[in-house]
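The structure appears right after this line, and notes come after that.
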Amino acid sequence: MTSSPGAGPPASWPEHLDVGAVRFARPTARYDDVVAFYRDDVGLPVLGQWRGHEGYDGVLFGLPGTPVHMEITQHGAPPRIPEPHPENQLVLYVRGPQAVDAAVRRLRERGHEPVRAANPYWPDRGAVLFADPDGWLVVLAPWVFGQDPVPAPGA
């Protein structure tokens with residue numbers, strides 16, 4: 001992943017778009033398993049959760065804190081979800097290789113094993129990937145995007 005001059009994030013948020021928080025959502029047909037994976041195995045904090053609201057079950061996870069969160073929903077009988085794709089990823093930029101090691105150790109202790117990345121960019125820079133129960137990928141990257149330099153390939 002390279003950037004060209006001027007392609008980085010803007011110096012400030014657009015004045016016309018006064019956003020105070022961001023949520024992205026995705027459906028699941030394995031609600032309890034997916035919730036347990038992100039809550040118990042990955043360790044994301046639950047900001048809110050509901051069952052049977054207009055036919056929806058849902059949970060909100062903080063990423064980190066409350067300004068950015070991920071929503072997982074289940075709806076329908078049976079629930080219908082899109083097939084996972086190797087480029088649909090939740091990328092968690094953690095604070096260095098030791099933080100990746102700690103997260104990997106926790107996930108392995110809880111019965112999960114790393115999966116192969118389709119894009120070699122991630123493993124070439126020390127990231128480790130895991131699949132959630134639906135097969136969607138979580139990337140544990142050993143640098144904080146926008147704060148730390150991106151590790152050189154093979155670092």
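Starting from 1, each residue takes its place in the sequence as its number.
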Exercise for review: Using the six-membered ring of Trp136, assess whether NZ or CZ of Arg26 lies under 6.0 Å from its centre and within 45 degrees of the ring axis.
Suggested key: yes
Check your understanding: So do Phe130 and Val104 actually touch side chain to side chain, heavy atoms under 4.5 Å?
Key -> yes
Review point. Do Tyr38 and Val46 have side chains that get closer than 4.5 Å, going by heavy atoms?
Key: no
Review point. Are the side chain of Asp148 and the backbone of Val144 linked by a donor-acceptor contact shorter than 3.5 Å?
Key: yes
Practice item. Using a 4.5 Å cut-off on heavy atoms from C-beta on, say whether the side chain of Leu92 contacts that of Val42. Key: yes
Practice item. Going by the side-chain hydrogen bond (donor to acceptor under 3.5 Å, both in side chains) test, name the single residue among Thr73, Asp134, Asp57 that passes it with Thr28. Key: Asp134
Check your understanding: So do Val35 and Arg30 actually touch side chain to side chain, heavy atoms under 4.5 Å?
Key -> no
Acceptor/donor pairs from residues 107-115 side chains to any protein atom, 3.5 angstrom cut, sequence neighbours excluded:
{"unit_1": "Arg108", "atom_1": "NE", "unit_2": "Glu113", "atom_2": "OE1", "d": "3.0"}
{"unit_1": "Arg108", "atom_1": "NH2", "unit_2": "Glu113", "atom_2": "OE1", "d": "3.4"}
{"unit_1": "Arg110", "atom_1": "NE", "unit_2": "Asp40", "atom_2": "O", "d": "3.2"}
{"unit_1": "Arg110", "atom_1": "NE", "unit_2": "Asp41", "atom_2": "OD1", "d": "2.4"}
{"unit_1": "Arg110", "atom_1": "NH2", "unit_2": "Asp41", "atom_2": "OD1", "d": "3.2"}
{"unit_1": "His112", "atom_1": "NE2", "unit_2": "Asp41", "atom_2": "OD2", "d": "2.6"}

Practice item. Could you check if a side-chain atom of Leu44 sits within less than 4.5 angstrom of a side-chain atom of Leu63, using non-hydrogen atoms only? Key: yes
Check your understanding: Which residues, ordered by chain and number, are linked to Leu60 in its hydrophobic cluster, where ILVMFWY side chains connect at heavy-atom gaps below 4.5 Å, directly or through other members?
Key -> Leu47, Trp50, Tyr56
Practice item. Can you see which heavy atom on Pro67 is nearest to which on Gly20, and at what distance? Key: CB-O, 4.3 Å
Review point. Can you tell if the side chain of Arg51 reaches within under 4.5 Å of the side chain of Tyr31, non-hydrogen atoms only?
Key: yes
Review point. Should Val150 and Tyr121 count as side-chain neighbours, where that means a heavy-atom distance under 4.5 Å?
Key: yes
Review point. Do the non-hydrogen side-chain atoms of His75 and Pro27 ever get within less than 4.5 Å of each other?
Key: no
Exercise for review: Evaluate side-chain contact (heavy atoms from CB on, under 4.5 Å) for Gln147 paired with Arg95, printing each intermediate quantity in order.
Suggested key: CA-CA 10 Å; Gln147 293 179 10; Arg95 299 188 188 282; 3.4 Å; yes
